[in-house]
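Here's the structure we're looking at; comments come further down.
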Number of protein chains: 2
Amino acid sequence: MNKNIFSQIYNDYTQQIEAGTLKPGVKLPSENELTEHYSTSRETVRKALHLLSQNGYIHKMRGKGSFVLDMNRMEFPVSGLVSFKELSQRLGRTARTLVYEVSLIPCPQHIARQLQVQEKEPVWKVVRAREIEDEKVILDKDYFLASVIPSLTQDIASESIYEYLEGELALKIAYAKKEISVEQVTAEDKLLLDLKRDTHVVVVRNYVHLEDTTLFEYTESRHRLDKFQFVEFARRMPNEE
Amino acid sequence: MNKNIFSQIYNDYTQQIEAGTLKPGVKLPSENELTEHYSTSRETVRKALHLLSQNGYIHKMRGKGSFVLDMNRMEFPVSGLVSFKELSQRLGRTARTLVYEVSLIPCPQHIARQLQVQEKEPVWKVVRAREIEDEKVILDKDYFLASVIPSLTQDIASESIYEYLEGELALKIAYAKKEISVEQVTAEDKLLLDLKRDTHVVVVRNYVHLEDTTLFEYTESRHRLDKFQFVEFARRMPNEE
DNA sequence: TAGTGGTCTAGACCACCCG
DNA sequence: GGGTGGTCTAGACCACTAA
């Protein structure tokens with residue numbers, strides 16, 4: 001429903017490529033042809049193609065044209081900045097969310113450091129397990145600044161918090177820094193997840209910022225080793241210097 | 001040494017931000033001011049600023065300006081498509097490479113599947129350990145199509161293979177798909193790495209393509225759990241549909 | 001209201017690929 | 001030589017922010 005011409009073009013092609021209507025290796029119409037087809041200017045077409053290229057949908061070759069890439073798009077899980085609900089919808093898996101806790105608390109010290117905020121500053125703490133095929137394999141611990149999010153309920157937490165933030169509260173989520181590492185399991189992990197004899201979990205730390213750059217959310221996502229996967233598309237940057 | 005105006009501007013600012021000359025929160029000159037300063041057009045300035053924004057250096061705010069972000073740039077390790085040599089230079093750590101094997105072999109079956117090539121097709125196999133602070137913590141197993149890389153030596157493998165490919169052979173590396181997961185340690189891991197009682201390693205699979213989209217390299221990077229970290233910067237995409 | 005970034009246009013010239 | 005994408009220009013109008 002975006003009215004920008006360039007995102008129209010972008011969406012047209014992401015949809016066709018994801019649906020398989022456009023198969024890997026196929027050549028896209030040239031920029032001049034697209035310019036005419038969408039009755040727009042070439043720079044606008046190029047903006048859309050650049051986005052497609054950045055996101056691994058196509059590859060552009062000077063003198064030849066733009067070609068659809070084969071990136072096994074099915075398995076793009078944790079990549080980017082996407083909520084669990086959006087993910088499970090895209091994957092179409094049998095996924096369920098269990099809400100353990102939704103509470104307004106004074107910020108504990110170790111979280112205050114992550115959120116760069118005063119200790120005792122009120123924050124929402126949300127603890128949820130993600131169940132895939134009847135096993136609790138991900139433990140999500142979210143902390144939101146209460147100054148940004150006045151209210152939060154168990155119902156919202158069992159659906160999509162992001163949907164609520166962007167829809168109801170009209171918050172503009174802009175960017176995040178994500179850190180992936182592997183750490184020892186905690187007593188809490190053992191209690192709230194279906195772990196076997198695991199000694200470690202994958203920890204994804206997420207620092208999420210709004211449009212005005214305020215850091216408003218810190219999330220710790222703890223994944224069972226065997227269910228963790230991360231896929232990324234990267235382009236080689238020309239040498240700096 | 002890039003003569004494009006937009007990458008001039010991009011490099012000017014990445015350097016200043018990485019060096020700390022420009023501190024987080026500082027406002028950049030407006031696009032109009034930059035246009036004048038670099039005697040160029042506004043769209044060219046915007047191209048550079050867009051790149052800076054994509055890579056987490058700045059954040060643009062309509063009506064306000066562009067601002068330097070604080071992304072603890074020190075710890076950007078495995079992100080993007082960067083060779084180990086480039087990484088260790090940037091980190092300035094005491095890093096060393098041990099070459100275990102450089103050999104031209106007929107492609108084994110399980111690798112042929114990864115490289116999407118006929119079994120027995122000749123490939124270069126390179127096995128190296130990466131030592132950080134006197135511990136072998138990463139095992140890199142690379143497979144290159146011999147049809148693309150006619151020759152390869154132990155000397156090259158102990159330096160930077162990418163430098164050789166891009167410098168000597170003038171290969172144009174374009175993009176890669178990267179998969180991160182956690183797997184059981186193998187006998188080979190135990191033999192070639194300094195593992196303790198570890199039962200698992202982080203496995204980063206890399207499928208690297210050239211400008212003409214040929215898949216020419218498959219790399220399996222096996223990291224000791226406690227030394228693995230991955231940091232990513234992500235921007236929220238506006239809703240598709 | 002003046003200044004900012006977001007989108008778009010209609011051109012231009014270039015480097016590259018291929019028949 | 002004709003077609004492709006890569007870079008750049010000099011404008012335009014819009015949406016948003018701040019004083």
Side-chain angles (χ1 to χ4, degrees), chain A residues 1-11 13 25-54 57-69 170-172 174-175 210-214 235-239, chain B residues 1-11 13 25-54 57-69 170-172 174-175 210-214 235-239:
Chain A
M1 261 311 159
N2 208 325
K3 68 182 199 308
N4 294 337
I5 303 175
F6 80 89
S7 35
Q8 276 292 350
I9 306 177
Y10 176 80
N11 289 334
Y13 277 94
V26 164
K27 181 171 176 297
L28 263 53
S30 78
E31 296 181 348
N32 287 322
E33 287 167 337
L34 287 172
T35 299
E36 208 174 340
H37 180 273
Y38 285 95
S39 336
T40 181
S41 68
R42 195 178 147 218
E43 282 294 359
T44 298
V45 167
R46 284 180 52 73
K47 199 163 169 181
L49 295 188
H50 176 75
L51 242 186
L52 289 167
S53 153
Q54 282 302 311
Y57 287 96
I58 66 169
H59 184 63
K60 311 177 76 179
M61 290 192 264
R62 186 198 301 233
K64 293 202 200 167
S66 298
F67 299 83
V68 177
L69 286 187
L171 289 183
K172 303 254 177 71
Y175 59 93
L210 298 176
E211 270 286 277
D212 64 358
T213 76
T214 48
R235 289 198 166 270
R236 175 92 170 149
M237 300 285 276
N239 272 338
Chain B
M1 263 308 160
N2 209 325
K3 67 183 198 309
N4 294 337
I5 302 175
F6 81 88
S7 36
Q8 276 293 350
I9 306 178
Y10 176 80
N11 290 333
Y13 277 94
V26 164
K27 181 172 176 298
L28 264 53
S30 78
E31 297 181 348
N32 287 322
E33 288 168 335
L34 288 172
T35 300
E36 208 175 340
H37 181 273
Y38 285 95
S39 335
T40 181
S41 68
R42 195 177 146 218
E43 282 294 359
T44 298
V45 167
R46 284 179 54 72
K47 198 164 171 181
L49 294 187
H50 177 73
L51 243 187
L52 288 167
S53 153
Q54 281 303 309
Y57 287 96
I58 66 169
H59 184 63
K60 310 176 77 177
M61 290 192 265
R62 185 196 304 229
K64 294 202 203 167
S66 299
F67 299 83
V68 176
L69 287 186
L171 289 183
K172 302 255 177 71
Y175 59 92
L210 297 176
E211 270 286 277
D212 65 358
T213 75
T214 48
R235 288 198 166 271
R236 175 93 171 147
M237 300 285 276
N239 272 340

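Side chains included, hydrogens not; waters and symmetry mates left out as well; all remaining heavy atoms used. Letters go in sequence order (proteins before strands), and every chain restarts at 1.
- Scored by the side chain to side chain contact (heavy atoms under 4.5 Å, CB included) test, A:L210 finds A:V148, A:L171, A:I173, A:D212, A:T214, A:F216 as partners (sequence neighbours excluded).
- Backbone-only contact: A:I5 has heavy atoms under 4.0 Å from sugar-phosphate atoms and none from a base.
- The side chain of A:R46 places no N or O atom within less than 4.0 Å of a non-bridging phosphate oxygen (OP1 or OP2) of D:dG5.
- Regarding contacts with the backbone of C:dC16, every side-chain N or O of A:K64 stays at 4.0 angstrom or more from both OP1 and OP2.
- For A:F6, the listed nucleotide lying nearest its side chain is C:dC8; candidates were C:dG6, D:dT9, C:dC8.
- Between A:S30 and D:dT4 there is a side-chain polar atom (N or O) within less than 4.0 angstrom of OP1 or OP2.
- The separation between B:N4 atom CG and C:dC14 atom C1' is 11 Å, rounded to whole Å.
- Between B:K47 and D:dT7, a side-chain N or O to OP1/OP2 separation shorter than 4.0 Å is present.
- Going from atom CD of A:E211 over to atom P of D:dC16 covers 11 Å, rounded to whole Å.
- At a threshold of 4.0 Å, the pair B:E31-B:K60 counts as salt-bridged, since one of the basic side-chain nitrogens sits closer than that to a carboxylate oxygen.
- Atoms CD1 (B:I9) and C1' (D:dT7) sit 12 Å apart, rounded to a whole Å.
- Spacing between atom NZ of B:K172 and atom P of C:dA15 amounts to 14 Å, rounded to whole angstrom units.
- Atom CZ of B:R235 is separated from atom P of C:dG6 by 10 Å (rounded to the nearest Å).
- Atom CD of A:E36 has 12 or fewer heavy atoms from other residues, nucleotides or ligands within 6.0 Å.
- Under 4.0 angstrom from either OP1 or OP2 of D:dT4 there lies no side-chain N or O belonging to A:S66.
- For the atom pair CZ (A:R46) and OG1 (A:T35), the distance works out to 10.0 Å, reported to the nearest 0.5 Å.
- The neighbour count for B:K27 NZ, taken as heavy atoms of other residues, nucleotides or ligands under 6.0 Å away, is above 12.
- Taking 4.0 angstrom as the limit, A:T44 places none of its side-chain polar atoms (N or O) nearer than this to OP1 or OP2 of C:dT7.
- B:H50 places its NE2 atom 14 Å from the C1' atom of C:dG5, with the value rounded to the nearest Å.
- Between B:Y10 and B:L52, the closest side-chain pair of non-hydrogen atoms falls below 4.5 Å.
- Scored by the side chain to side chain contact (heavy atoms under 4.5 Å, CB included) test, B:T213 finds A:H59, A:M61, A:L69, B:Y175 as partners (sequence neighbours excluded).
- Regarding A:Y38, its OH atom lies at a distance of 18 Å from the C1' atom of C:dT9, rounded to whole Å.
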Check: protein-nucleotides 11-15 of chain D nitrogen or oxygen pairs below 3.5 Å:
| residue | atom | partner | partner atom | Å |
| --- | --- | --- | --- | --- |
| D:dA12 | N6 | B:R42 | NH1 | 3.4 |
| D:dA15 | O4' | B:R62 | NH1 | 2.9 |

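- Put simply, CD on B:E31 is 14 Å from P on D:dT9, counting in whole angstrom units.
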